[in-house]
J.: 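Structure in structure tokens, see below.
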Number of protein chains: 2
Amino acid sequence: MPDTVADVPPGLDDILGFHIRLAHGAVYRHFNETFGTIVPTQKQTSVLWLVSDNPGISQIDIARLLQIDRATMMAITNTLTDRNLMERRTSPIDRRRQALHLTAAGVTSLTVARAAVAAHEVWLKSRFTPEEQVQLVSLLRRIHGGQADQ
Amino acid sequence: MPDTVADVPPGLDDILGFHIRLAHGAVYRHFNETFGTIVPTQKQTSVLWLVSDNPGISQIDIARLLQIDRATMMAITNTLTDRNLMERRTSPIDRRRQALHLTAAGVTSLTVARAAVAAHEVWLKSRFTPEEQVQLVSLLRRIHGGQADQ
DNA sequence: TATTGTTATACTCTATAACTATA
DNA sequence: TATAGTTATAGAGTATAACAATA
């Protein structure tokens, strides 16, 4: 994408949803343009992150945490396992479930990805004061409905 | 999607980009689930909206306003023209440009879509005070870089 | 040379529907 | 009956690369 900054058009400027989509697009583009060739996507990184923090977690649990569909989660899991970053193991407790675990390559990839996310966050947060960051997260949370862990 | 509300997982909860993606996803889903069968997508509606407000506008100008690539804009334009909501006319002034205009069906579709957007905005904004709405837009604008029209 | 549109191509994300195995 | 995973399928959005026509 050319890095042109254009004015928000009148009319659409009053639509909150429009600003959310634009902001999301800007974040999406910056991440891909800056780190796209060296790390997994943001969504894939989120999945690796959750599996790393919760070894043996099931697909359906990740889908709930990331607020995506079961079939969507399936597709992402397939991509990650095809690339040998993650593996499915049958749960000995509930044989309907697949326990997810990172491979060694997955651990390495997540390490690099976490560094990319950290750099990306610096870029993103640099335009806000700490108070504004807290405020923004608080407002966004009211949209997506996720509760902070206590 | 099942309408489960799950806790934001620890670790990821500190990532601002994660909250933006989650909020965007929630907005995207609500719009599609509520109006997906009767109106164009949010992005397509944005394009129809801009063409309606700026008859004869070019693809590249819309791409700049919506902050998307030329080829992406091409794909969206194709979809809209294939569905007879919009048409390309060669500009008599600059023959490299295609002047975009809504068809009669496009005008009708946009009318319905605008009503859907309005209802969707009520749903979205209902969780904020007017002051918070202004604050949120102001913060999001710092991310996507679009300037308000004066 | 630069801009606009175009085509070809590819990948990610999203979801619905229906089916299998298990609880 | 309900849950987890799966497969098949489809559509939207995103982009890069290269080319043609025009300015």
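On a predicted model such as this, the values are computed, not experimentally measured, just so you know. We name chains A, B, ... by the order of the sequence lines, and we start the count at 1 in each one.
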J.: Report yes if a side-chain nitrogen or oxygen of A/Q44 is closer than 4.0 Å to either non-bridging phosphate oxygen (OP1 or OP2) of C/dC13; otherwise report no.
T.: yes
J.: Round to a whole Å and report the spacing from CZ of A/R29 to C1' of D/dA15.
T.: 11 Å
J.: What's the closest nucleotide to the B/R83 side chain, out of D/dT3, C/dT14, D/dA12?
T.: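 The closest nucleotide is D/dA12.
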J.: Looking only at side chains, do B/R97 and B/S91 share a donor and an acceptor under 3.5 Å apart?
T.: no
J.: Between A/G25 and A/R88, which residue's closest nucleotide on DNA chain D lies nearer the 5′ terminus?
T.: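 First, find each residue's nearest nucleotide; the 5'-ward one identifies A/R88.
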J.: For C/dC13 and A/T72 - does any side-chain N or O of the residue sit under 4.0 Å from the phosphate oxygens OP1/OP2?
T.: no
J.: Taking only the side-chain heavy atoms of A/Y28 (C-beta and beyond), determine which of C/dA15, C/dT7, D/dT14 contains the nearest atom.
T.: D/dT14
J.: OP1, OP2 of D/dT6 versus side-chain N and O of A/Q59: anything below 4.0 Å?
T.: yes
J.: Return the 5'-most residue of the pair A/Q42, A/D94 with respect to DNA chain C, ranking by each residue's nearest nucleotide.
T.: A/Q42
J.: I'd like to know if A/L12 and B/L102 are part of one continuous hydrophobic network [Ile/Leu/Val/Met/Phe/Trp/Tyr, side-chain heavy atoms within less than 4.5 Å].
T.: yes
J.: Would you indicate which nucleotide in D/dT14, D/dA23, C/dC13 comes nearest to any side-chain atom of B/R95?
T.: D/dA23
J.: Please check: side-chain N/O of B/R29 versus main-chain N/O of A/Q67, any donor-acceptor pairing under 3.5 Å?
T.: yes
J.: Closest to the A/A71 side chain: C/dT14, C/dG5, D/dA8?
T.: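 The listed nucleotide nearest to A/A71's side chain is D/dA8.
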J.: Give a yes/no on whether any side-chain N or O of B/T41 is located under 4.0 angstrom from OP1 or OP2 of D/dG13.
T.: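 Checking D/dG13 against B/T41, a side-chain N or O does come within under 4.0 Å of OP1 or OP2.
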J.: Looking only at side-chain atoms of B/M74, point me to the closest of D/dT16, D/dG5, C/dG5.
T.: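 Within the option list, the nearest is C/dG5.
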J.: Please state how far atom CZ in B/F31 lies from atom P in D/dG11, giving the value in whole angstrom units.
T.: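 Computing the B/F31:CZ to D/dG11:P distance gives 19 Å.
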J.: To the nearest angstrom, how far is B/N32 atom CG from D/dA10 atom C1'?
T.: 14 Å
J.: Any side-chain N or O of B/R97 below 4.0 angstrom from OP1/OP2 of D/dA21?
T.: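 Negative; the distance criterion is not met.
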J.: In whole Å, I'd like the distance from the CZ atom of B/R70 to the C1' atom of C/dT9.
T.: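 Atom CZ in B/R70 sits about 16 Å away from atom C1' in C/dT9.
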J.: Between C/dT3 atom C1' and B/D61 atom CG, what is the distance in whole Å?
T.: 11 Å
J.: Do the charged groups of A/R141 and B/D13 touch, with an N to O distance under 4.0 Å?
T.: yes
J.: Just the rounded figure in Å: distance from P of D/dT22 to CD1 of B/I60.
T.: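 Value for this atom pair: 18 Å.
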J.: Tell me: CG of B/L66 to P of D/dA12, nearest whole Å?
T.: 17 Å
J.: Between A/N78 (CG) and C/dT14 (P), how many Å, whole number?
T.: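 Answer to the nearest Å: 15 Å.
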J.: Nearest to the side chain of A/A75, which nucleotide is it out of C/dT4, C/dT14, C/dA23?
T.: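 Between C/dT4, C/dT14, C/dA23, the one nearest the side chain of A/A75 would be C/dT14.
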J.: May I ask you to say what A/S58 touches in the nucleic acid, namely base, sugar-phosphate or nothing, with a heavy-atom cut-off under 4.0 Å?
T.: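 Answer is sugar-phosphate: A/S58 comes under 4.0 Å of backbone atoms only.
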J.: Within less than 4.0 Å of OP1 or OP2 of D/dA4, is there a side-chain N or O belonging to A/R64?
T.: yes
J.: Can you tell me whether the side chain of B/R96 and the base of C/dT3 have a donor-acceptor pair closer than 3.5 Å?
T.: yes
J.: Go through the steps to decide whether A/Q44 and A/L85 satisfy the test side chain to side chain contact (heavy atoms under 4.5 Å, CB included), and finish with yes or no.
T.: CA-CA 10 Å; A/Q44 289 164 0; A/L85 299 177; over 6 Å; no
J.: So, are B/D14 and A/R114 salt-bridged, with charged N and O less than 4.0 Å apart?
T.: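 Result for this pair is no, no salt bridge flagged.
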J.: Which nucleotide wins on minimum distance to the side chain of A/D69, given the candidates C/dT22, C/dA15, C/dA18?
T.: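 It is C/dA15.
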